[in-house]
Amino acid sequence: STVFPSAPPPSAALRPIAMLGIRFGLRRAAASPLAASLSLSRPVLLARRSGFSSLSPALQSKVDQFRKDVEKYLPADGKKVVFATAWLATDNMFVAMMKEHFPEVLSGMHLVAIDTMHLFPSTLECARLVEEKYGKQALWKLPQDVSTREEFEAKWGDVEDMDTADFDFVSKVEPFQRALAECNKDILITGRRMDQAAQRIALDVWEESKRTFNPMAPFSWSDVIAYVDAKDVPVNTGHNFAYRCDAPIEATKRHLPDLPWTKVDLGKPFWRATDEELRGSPPAKVTYVFKSFGDMHTTVPVEPHESERAGRFVRQAKTECGIHTRTTSAGAPHGGALVDLLVKDSAQAQALVNSSAKTLELNERQACDVFCLVNGAFSPLTGFMDETQYTAVVTSMRLPEKQLFGLPVTLDLSDISGLKEGDKILLRWAGEDVAVLEASSIYKPNKVLEAKECYGTSSLEHPTVHALIAEQGAYYVGGKLHGLKSPKFPYPTQTPAEVREQLPEGKAVVAFQNRNPIHRAHFELLKCAQRDVADSVLLVHPTCGPTQPGDIDGLVRIDTYEALRKETEEEYPMFRWAYLPYSMKMAGPREAIQHMIIRKNYGATHFIIGRDMAGTKSTITGDDFYGAYDAQETGKKFSGELGVTVTHYENMVYVGPEEGYVQESIAKAQGKKVVKLSGTEFRRRLRADEEIPEWFAFKSVVDILRRAGDKAFCA
């Protein structure tokens, strides 16, 4: 492989010890040969415009507003403030403005930089120059337990063979999360701008729900280059190269070796070159330049008029690296902010209703999904999934921007005649208007593929697969959802915001999901979990929507939960109870991820996954579709990425009145005799009005189930 030198080593005073892998030795090139174009084999040139230091009135006005925004949103001492820098021109402009106008804030805040082990050498040199010029040392983080490219590849393999989501997590998101924890972050500053991409066009300067400050949002690319020229701000010397060719080269191929272009060193950033200097003589048909710098294998040059982001992630179905979309912390909503889709303005709500081309009466399953969408339980979703989102989640368990999402959230229709993309659909439930859907995507899904990917089988013996293929509509409609009213159900429900409001500040929250009445073994598990997670609150959060045949009906279960809550609230004051309208899918491991995400949005930091969570059996043979601990293992695999710790336990078994309940393996190891009562026998005794032992079930729960009789069971 090609070897090129690393950046000249910075002084020890300006780099933490974690950077030793960068400071010394050689770093092997990534797959992209363009890295060699930007190696530091010659003296580095700073972007300077000697003698020019004034700003245009329009740019000065934006700088003045920047100063007002900083004064409004940042503490004067800069404490608990983190700026995430990638050493791009915009990032360096921010540092320069802070040094000039708010040196004390800059001094007190944290400048966090991530070396993915795959950055351009010129990026590392630019970082050194910025640190030196503005006297601000960055807190550098690297992928866990590696300090060189060779160590990275030994641990995770070549980047071209890695899943892009995995690369982003191990090289960027996880190190960044470590940095945020170390800095005790309260406010995060980004260098994002509204003109960079469609995904950022509505970017607010201050995002209260995320405690995120985007001070560069109003600035444009032309503002940035004007400022760095005027103020002598260091920029990446990779901007100095032009790549001239006789015909366009597809962006997805510009990382390949031996491309038919000529690389020219302009001796200055490309924006200071004339068109003749860029194109050469005779003029090249096409000229490419680097406008932005990420990882070497995911960044390519673009035409000068294109957006900076046009050259990033060109071979991937995403537009962000994960720092802004996947970074999380314990207790934070999935995606960083709790989504609220309820329209607050009555006139706007009425206008949406009036503009609807079609009205749809929801079934209970669909109404549960609308509740979860409009109230943020499915954050970061802002509506039913369009075809792109649906396909990404089905095939990779991730949204297009690579955030985890366990299962698709779709609105199914049997008939789409008269409906076209762009129409609005009024959604009604229980006699009320609850939402308006902008139908931006109407498509016919491959349900067999959906079944195999999401449920692990296309067998109609799986009850949810049968419903998916044989009962639900053949078409899906996706798009943005506007909530008019939170759907009501015949039981009390709580939104994520309502539950979060009731949770004590600063405590771990252990969530428990279940779809059946809580018997003694379940309750013992809850006691263990609340005890094992120090100083925690336990959130009992049952799903109360449609479930599989044979389960206890939702309304009957609510009665059992309420009875148990009242019976135990004095002895267990740290238990909280809330009820979720959610239609169980019985998808085993993938549904475990879905439940972790929902409980994360409800404020959970920990999640209990017991034996056979969300499992089901063949309706013909009775065989299990999933292994007993498949859901547990999947939850643990993605625990770090979600910021939710999996609290996992084996079956709790009863070994007699003296010891009560213990974990099954302990009972086996100690040779204890386990006393059992099967579910089938429990149901028989219920129907026959025979005694059910107190060690198995709470009397209050049994009494409710007996009163309900056969109506207690779902058909």
What side-chain donor-acceptor pairs closer than 3.5 Å can you find for residues 428-436, not counting sequence neighbours?
from : atom 1 : to   : atom 2 : distance (Å)
R428 : NE     : E361 : OE2    : 3.1
R428 : NH1    : D433 : OD1    : 2.4
R428 : NH2    : G431 : O      : 3.0
W429 : NE1    : K488 : O      : 2.8
E432 : OE2    : K485 : NZ     : 2.5

| query | So V540 and Y572, side-chain contact (heavy atoms from CB on, under 4.5 Å) or not? Walk me through it. | reply | CA-CA 12 Å; V540 186; Y572 300 98; over 6 Å; no
| message | Check for me whether K402 meets the cation-pi criterion with F405, that is, NZ or CZ under 6.0 Å from the six-membered ring centre and within 45 degrees of the ring axis. | response | no
Can you find a heavy atom in the side chain of [X] that is under 4.5 Å from one in the side chain of [Y]?
| X | Y | result |
| --- | --- | --- |
| E461 | S459 | yes |
| E453 | M397 | no |
| S639 | F607 | no |
| V393 | L407 | no |
| L525 | I608 | yes |
| R515 | M586 | yes |
| V644 | F638 | no |
| T543 | H595 | yes |

Which heavy atom in [X] sits nearest to a heavy atom in [Y], and how many Å separate them?
| X | Y | result |
| --- | --- | --- |
| A667 | V655 | CB-CG1, 3.9 Å |
| T493 | P581 | CG2-CG, 3.5 Å |
| K585 | S583 | NZ-O, 2.6 Å |
| E450 | L468 | OE2-CD1, 3.5 Å |
| K617 | D624 | NZ-OD1, 2.7 Å |
| A529 | L538 | CB-CD1, 4.2 Å |

Quick check: does any side chain N or O of [X] sit under 3.5 Å from a backbone N or O of [Y], one acting as donor and the other as acceptor?
| X | Y | answer |
| --- | --- | --- |
| S458 | A451 | no |
| R500 | G331 | yes |
| T391 | T388 | no |
| K600 | L642 | yes |
| T647 | H606 | no |
| N601 | H334 | yes |
| R599 | H541 | yes |
| T212 | K210 | yes |
| S536 | V510 | no |
| R590 | G406 | yes |

Pair [X], [Y]: side-chain N/O donor-acceptor within cut-off below 3.5 Å:
| X | Y | answer |
| --- | --- | --- |
| S486 | N375 | yes |
| D412 | Q366 | yes |
| H482 | E438 | yes |
| N651 | Y661 | no |
| Q144 | R178 | yes |

How about [atom1] on [X], more than 12 heavy atoms from neighbouring residues, nucleotides or ligands closer than 6.0 Å, or not?
| X | atom1 | value |
| --- | --- | --- |
| K676 | NZ | no |
| E570 | CD | no |
| E208 | CD | yes |
| K80 | NZ | no |

Relative to each other, are the rings of [X] and [Y] parallel, tilted or perpendicular (30° and 60° limits)?
| X | Y | result |
| --- | --- | --- |
| Y476 | Y390 | perpendicular |
| H462 | F625 | tilted |
| F575 | F523 | tilted |

| field | salt bridge (Lys or Arg N to Asp or Glu O under 4.0 Å) between R611 and E664, intermediate numbers included | value | CA-CA 11 Å; R611 185 182 186 277; E664 191 170 21; 5.3 Å; no
| task | Apply side-chain contact (heavy atoms from CB on, under 4.5 Å) to F371 and Y582, showing your working. | result | CA-CA 8 Å; F371 176 94; Y582 172 87; over 6 Å; no
Please determine if [X] and [Y] form a salt bridge, counting it only when a charged side-chain N lies under 4.0 Å from a carboxylate O.
| X | Y | result |
| --- | --- | --- |
| K566 | E569 | no |
| K672 | E659 | yes |
| K527 | E524 | yes |

Working to the nearest 0.5 Å, report the span between [atom1] of [X] and [atom2] of [Y].
| X | Y | atom1 | atom2 | answer |
| --- | --- | --- | --- | --- |
| L411 | R365 | CG | CZ | 8.5 Å |
| E571 | M574 | CD | CE | 14.5 Å |
| D163 | S396 | CG | OG | 7.5 Å |
| Q494 | L539 | CD | CG | 9.0 Å |
| L677 | I692 | CG | CD1 | 7.0 Å |
| L705 | R557 | CG | CZ | 11.0 Å |

| Working for side-chain contact (heavy atoms from CB on, under 4.5 Å), residues L555 and D559 | CA-CA 7 Å; L555 290 177; D559 289 341; 5.7 Å; no
Which pairs of donor and acceptor atoms, one on a side chain in residues 695-703, lie under 3.5 Å apart (sequence neighbours left out)?
from : atom 1 : to   : atom 2 : distance (Å)
K699 : NZ     : D703 : OD2    : 3.0
S700 : OG     : E567 : OE1    : 2.6

| What's the verdict on side-chain contact (heavy atoms from CB on, under 4.5 Å) for Q632 and D630, showing C-alpha distance, side-chain angles and the deciding distance? | CA-CA 5 Å; Q632 248 183 41; D630 286 356; over 6 Å; no
| task | Could you walk me through whether Y579 and E562 pass the side chain to side chain donor-acceptor pair (under 3.5 Å) test, one step at a time? | result | CA-CA 10 Å; Y579 307 125; E562 282 295 290; 2.5 Å; yes
| query | Are H519 and F682 close enough that their ring centers fall under 6.0 Å? | reply |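 Under 6.0 Å, so yes.
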